[in-house]
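FYI, side chains are in, hydrogens and waters are out, and symmetry mates aren't considered; it's all heavy atoms of this structure. Keep in mind it's a predicted model, so treat the numbers as computed, not measured.
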Amino acid sequence: MSQQAHPTPRPAESAQPTQPAEATEPETPHLDFEGTTPYEDYVKADVLTHLQHTLSDDPGEMVFLVTTQVMELWFTVIVHEWETAARALRSDDVPTAIAALKRSVRELEALNASWKPLGQLTPAQFNSYRGALGEGSGFQSAMYRRMEFLLGEKSASMLVPHRGAPRVHAELEKALHDPSLYDEVLRLLARRGHAVPDAVLQRDVSLRYEPSEAVEAVWTALYSGDQDDELARLGEALTDVAELVWRWRNDHLVATRRAMGAKAGTGGSAGVAWLEKRAQKNVFPELWTARSHV
């Protein structure tokens, strides 16, 4: 019997060690710029962070000052959104108007959160730097006044504090005589065939808007119909804005009450009494009263 040849066992191939992949350093950002950085050129952070000039030695004044400046920036962007919405409504572009209003809702939420650093000031804490404000008062904010004018809260007397600042005065005077955001809404409703009275459409837009039963009936009809109709959705976007404006006014009232009670406000304002009156008023009033009839 022939002897079968057996294959000679081969030595096991030794596993080749895996070479570790060369560690890659994260790419270093470009650090060397001529002049300032592109970020600084765009944001102007150096300007923003050097605008704080406190007038007392109290450390709490810095918080008050910065928070107030942040509020002014939010006023500015909200005015931009509402003016964008008003222009869109003049062009019958409801989707663009709704988009701007929805952005402003998020911005109003951020604005209202600005009360958090100030909302629990005690009278002693506020008094420690209140004297530094002199006659200064948020009542004198031109950008906040433009917000109010866009909401239909018009008053020519509100231009008086700004006579010494020609550019600001001119901007406010234009805003006084321009249709408010709500005026543009009502004109759009009329163009869409809704029975907005001529007395409302042809009113003097430099005066404060007064509620109309006929406008209330228009909103009642819209809210009783298709909820997906773009005019109904426009109404809800406006209601979101109105609710947050009301919350802003109430947060302002509560913060003032905690900090100074019923004393007269800075700048000679009536303080809490004035804010209580403002907090009782609804923005876009018929959007609220119409709900009782749906």
Side-chain angles (χ1 to χ4, degrees), residues 44 47-48 51 65 67-90 97 100-101 103-105 107-108 110-112 114-115 133-187 200-211 238 241-242 244-246 248-249 251-253 256 265-271 273-275 277-285:
K44 306 295 187 227
V47 174
L48 287 172
L51 291 174
L65 178 56
T67 301
T68 304
Q69 290 175 333
V70 168
M71 287 178 177
E72 286 291 329
L73 292 174
W74 282 125
F75 296 160
T76 302
V77 74
I78 291 165
V79 164
H80 168 75
E81 301 289 19
W82 291 350
E83 288 180 342
T84 297
R87 284 194 301 272
L89 292 168
R90 282 197 293 275
L101 291 171
R103 287 194 302 271
S104 80
V105 165
E107 293 147 9
L108 281 162
L111 169 64
N112 291 0
S114 300
W115 285 115
L133 304 179
E135 291 192 290
S137 169
F139 179 78
Q140 299 156 11
S141 166
M143 197 57 72
Y144 181 72
R145 193 58 49 200
R146 283 178 64 180
M147 278 180 57
E148 291 277 2
F149 283 2
L150 277 163
L151 294 172
E153 292 291 330
K154 302 283 191 77
S155 174
S157 65
M158 293 296 99
L159 272 64
V160 174
H162 306 284
R163 287 178 299 186
R167 179 179 61 80
V168 170
H169 188 275
E171 290 173 349
L172 273 177
E173 189 167 33
K174 181 179 184 302
L176 178 71
H177 293 286
D178 281 347
S180 71
L181 172 60
Y182 198 48
D183 287 322
E184 296 294 1
V185 170
L186 298 180
R187 293 176 183 189
V200 171
L201 297 173
Q202 297 169 12
R203 74 183 192 88
D204 183 350
V205 297
S206 69
L207 301 178
R208 180 178 289 107
Y209 179 80
E210 297 297 337
L238 291 164
V241 167
L244 286 166
V245 169
W246 178 81
W248 158 267
R249 291 174 176 174
D251 287 351
H252 190 180
L253 169 62
T256 303
T266 54
S269 69
W274 169 261
L275 296 174
K277 181 180 177 182
R278 302 293 299 146
Q280 291 170 1
K281 299 196 69 174
N282 281 325
V283 178
F284 315 140

> Under 3.5 Å, side chain of Arg163 to main-chain N/O of Val160, donor-acceptor pair present?
Replying inline: yes
>> How long is the straight-line distance from CH2 of Trp115 back to OG1 of Thr67, given to the nearest 0.5 Å?
In response: 9.5 Å
> Is there side-chain contact between Trp74 and Ser114, with heavy atoms separated by less than 4.5 Å?
Replying inline: yes
> Once you round to the nearest 0.5 Å, how far does CG of Leu176 lie from CZ of Arg145?
Replying inline: 11.0 Å
>> Let's go through Leu151 and Tyr209 carefully: what are the C-alpha distance in whole Å and the side-chain angles of both, what is the deciding distance for side-chain contact (heavy atoms from CB on, under 4.5 Å) to 0.1 Å, and is it a yes or a no?
In response: CA-CA 9 Å; Leu151 294 172; Tyr209 179 80; over 6 Å; no
> For the atom pair CD (Glu184) and CZ (Arg90), what is the distance rounded to the nearest 0.5 Å?
Replying inline: 4.5 Å
>> Could you measure the distance from the OG atom of Ser180 to the CG atom of Leu186? Nearest 0.5 Å is fine.
In response: 7.5 Å
> For Pro161 and Ser157, which heavy atoms make the closest approach, and how far apart are they?
Replying inline: CD-O, 3.8 Å
> Does the side chain of Arg146 come within less than 4.5 Å of Glu83's, by heavy atoms?
Replying inline: yes
>> Using 0.5 Å steps for rounding, measure from the CG atom of Leu73 to the CD1 atom of Ile78.
In response: 11.0 Å
> Does the side chain of Val77 come within less than 4.5 Å of Leu111's, by heavy atoms?
Replying inline: no
> Do Phe149 and Asp178 come close enough that some side-chain heavy atom pair is under 4.5 Å?
Replying inline: no
> Is there side-chain contact between Lys281 and Glu153, with heavy atoms separated by less than 4.5 Å?
Replying inline: yes
> Would you say Met71 and Trp248 make side-chain contact, with heavy atoms under 4.5 Å?
Replying inline: yes
> Does Asp204 come within less than 4.0 Å of Lys154, counting only side-chain N to carboxylate O?
Replying inline: no
>> Is there a side-chain contact between Leu172 and Met158 in this structure, where contact means two heavy atoms from C-beta onward sitting under 4.5 Å apart?
In response: no
> Considering all heavy atoms of both residues, which atom of Thr84 and which atom of Arg103 are nearest to each other, and what is their separation?
Replying inline: CG2-NH2, 4.4 Å
> Is the backbone N or O of Leu51 less than 3.5 Å from a side-chain atom of Gln69, with the two atoms forming a donor-acceptor pair by type?
Replying inline: yes
> Considering all heavy atoms of both residues, which atom of Ala88 and which atom of Ala97 are nearest to each other, and what is their separation?
Replying inline: CB-N, 3.7 Å
> Measuring from Leu89:CG to Tyr182:OH, what's the distance to the nearest 0.5 Å?
Replying inline: 12.5 Å
> What closest approach, in Å, do Leu101 and Trp82 show between heavy atoms, and which atom pair accounts for it?
Replying inline: CD2-CD1, 4.0 Å
> Do you know the tightest heavy-atom contact between His162 and Ser141?
Replying inline: CE1-C, 4.3 Å
> Which atom pair, heavy atoms only, marks the closest approach of Ala242 to Val283?
Replying inline: CB-O, 3.5 Å
> So do the side chains of Leu244 and Asn112 get within less than 4.5 Å of each other, counting heavy atoms only?
Replying inline: yes
